[in-house]
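Taking it in order: structure first as structure tokens, then the write-up.
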Amino acid sequence: MTSRNIIILGAGSAGTMMANHLRGKLDRNEWNITIVDEVEIHYYQPGFLFLPFGIYDEHEIQKPIKKFIPHDVQLLHTTIDRVEPETNLVHMTDGSALHYDILIIASGCNIAPEEVEGMKGELWYQDIFDFYSFKGAKALHEKLANWEGGKLVIHITEMPIKCPVAPLEFAFLADDFFRHKGMRNEVEITYVTPLSGAFTKPFASKKLGHLIEDKGIKLVTDFCVERIDNKTKTLHDYGGQEVNFDLLVTVPLNKGAEYVGRSGFGDDLNYVPTDKFTLQTTIAPNIFAIGDATSLPASKAGSVAHFESEVLTQNILDFINDDPLSAKFDGHANCFVETGNHKALLIDFNYDHEPVDGTFPFNGVGPMQLMEESLMNHMGKLGFKWIYWNVLMKGRTIPFIHPTMDTSGKHLEHETLNK
Amino acid sequence: MTTLVNEKNVQFNEEGFMTDFSQWDKEVAEMIAAKEGIPVLTPKHWEVINWLQEQHKSKNPLTIRKVGGSGITDIKEFYALFPNGPLKKAAKISGIPKPVSCI
Ligand SMILES: Cc1cc2nc3c(=O)[nH]c(=O)nc-3n(C[C@H](O)[C@H](O)[C@H](O)COP(=O)(O)OP(=O)(O)OC[C@H]3O[C@@H](n4cnc5c(N)ncnc54)[C@H](O)[C@@H]3O)c2cc1C
């Protein structure tokens, strides 16, 4: 019998987990697995939040991709040009093509600073930075080391972005950073968001809204940036609001990979139309998608990709056996939110339930508290790096934490506030 | 919270978004618009409102950029139609929930 091919596009968090899960489940004589990526380094992206402040150094947040790919999975280092669902082919920019029986799109999303006039202008990486890329986070680290103070503006261009709380965490960590440097008085911190608040869910606003105020962070809401004036160092919004900065830390528009657009099946931001429960795409039954690349109304986070990978593994096995896809993703996300001062919050939610308070992962015991600032949660956030490299990327599961959200231990009655 | 419109009790949440879309009609929309400082809803307003409702029905998350790319209006005009926080205002008038992030 000739063997069949599974191709995974992207060897980031989601693709790496899928390669490990599937290799463990599928017969080597029957199934070849190939994973494609254009870069050779796997970055621990949650570390980009800490790099600018020198909490992590650049070496602990990068490792070679090949370290995490099983030796009997073929790793190809090339750039994807487009997918042709009619012929089951993936074309690469080097002219080669690969045939698949099953395709898994795991190419994530990335920043597109060129989409806003003046963002990637003469001040880019001089006074305007992002921290959503390794390059940006590293350049910002160098800038912050010698910055003498002034107006620091932290800005989100537009939702959705990956890890939607990261900009807020950046603001909290910046407050902490300048306090420790003894120069908090010389820095004015302003948080500029296109949403109607820093927290938009009523329960979260009620419980956490004070954090912004306590830390002396100014808030500008409903701000939809039109252009950035590099001469006057001003953000202009469509409604006529203006915000001045000395140092701008922006989260540019996030977009799926360009090849998704070129293949003709992406939405307006190059996200892949995907069933939110089964992770099968609407492009073709043998094309699946996972992680930041999908159009799912779930958070774009590593924890989400992890939960999705367990669901997708089952559904691919079902697909191979000609069975109905039996696993359903419930939108489960589990994120630590760094609040500065060696504290963090933990939030746990899914498609149906919004973040509420309670204990995690054990009902009534914890040890982690949901929606409360604590040192334990901060340790959890820092510990995530170890778990990421040593557990998740090796395709192992985290004990006691399930892909579907557990509602025990949660005060769901507080959710009524959100409804 | 309820408000009486044409002898109908319309339900709103604390922030003034409707909680039951089946209660929405043009009169309700006009009442909310007036409260939000938009005395007259022009045909352009209605086009945008209809488009937002369709997007909501198809469960497409809404952003200002999407409205700009809708082919119905551009971002500048959207701001002119629904001044100050256009997406929030337009969502209120359309009877659909507030566009939110995860927390
Ligand atoms: C600042 C920041 C903080 C974060 N904090 C957290 C956190 O605290 N907790 C959490 O859970 N998540 C966090 N995340 C999110 C998390 O890192 C992502 O959700 C996760 O990495 C998504 O995995 P992915 O596999 O979908 O995409 P990625 O890991 O981005 O992988 C996509 C891969 O596809 C490759 N690719 C793309 N296009 C092509 C092409 N044309 N040809 C070949 N290869 C291609 C890329 O090179 C890349 O390696 C954070 C992200 C950022 C930026």
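Salt bridge E115(A)/K120(A): absent, no basic N to carboxylate O contact under 4.0 Å. Note on K92(B) versus E15(B): no salt bridge recorded, every NZ/NE/NH1/NH2 to OD/OE distance being 4.0 Å or above. A salt bridge does not link K276(A) with E308(A): none of the charged nitrogens is closer than 4.0 Å to a carboxylate oxygen.
Heavy-atom minimum distance, A198(A) versus L219(A): CB-CD1, 4.0 Å.
Counted by atom type alone, D348(A) and H332(A) present one or more donor-acceptor pairs between their side chains at under 3.5 Å.
Partner of H378(A) under the side chain to side chain donor-acceptor pair (under 3.5 Å) criterion, out of K343(A), E338(A), E373(A): E338(A) alone.
For Q241(A), no part lies near chain B; criterion is any non-hydrogen pair under 4.5 Å. Contacts of L253(A) with chain B are made by side-chain atoms alone, with heavy-atom separations under 4.5 Å and no backbone atom involved. With a threshold of 4.5 angstrom between heavy atoms, D267(A) does not approach chain B through any atom at all.
Among residues 74-87 of chain B, the residues having any heavy atom closer than 4.5 Å to a heavy atom of chain A are, in sequence order, I75(B), K76(B), Y79(B), G85(B).
The aromatic rings of F277(A) and Y351(A) sit perpendicular, their planes meeting at an angle over 60°, well past the 30° parallel limit.
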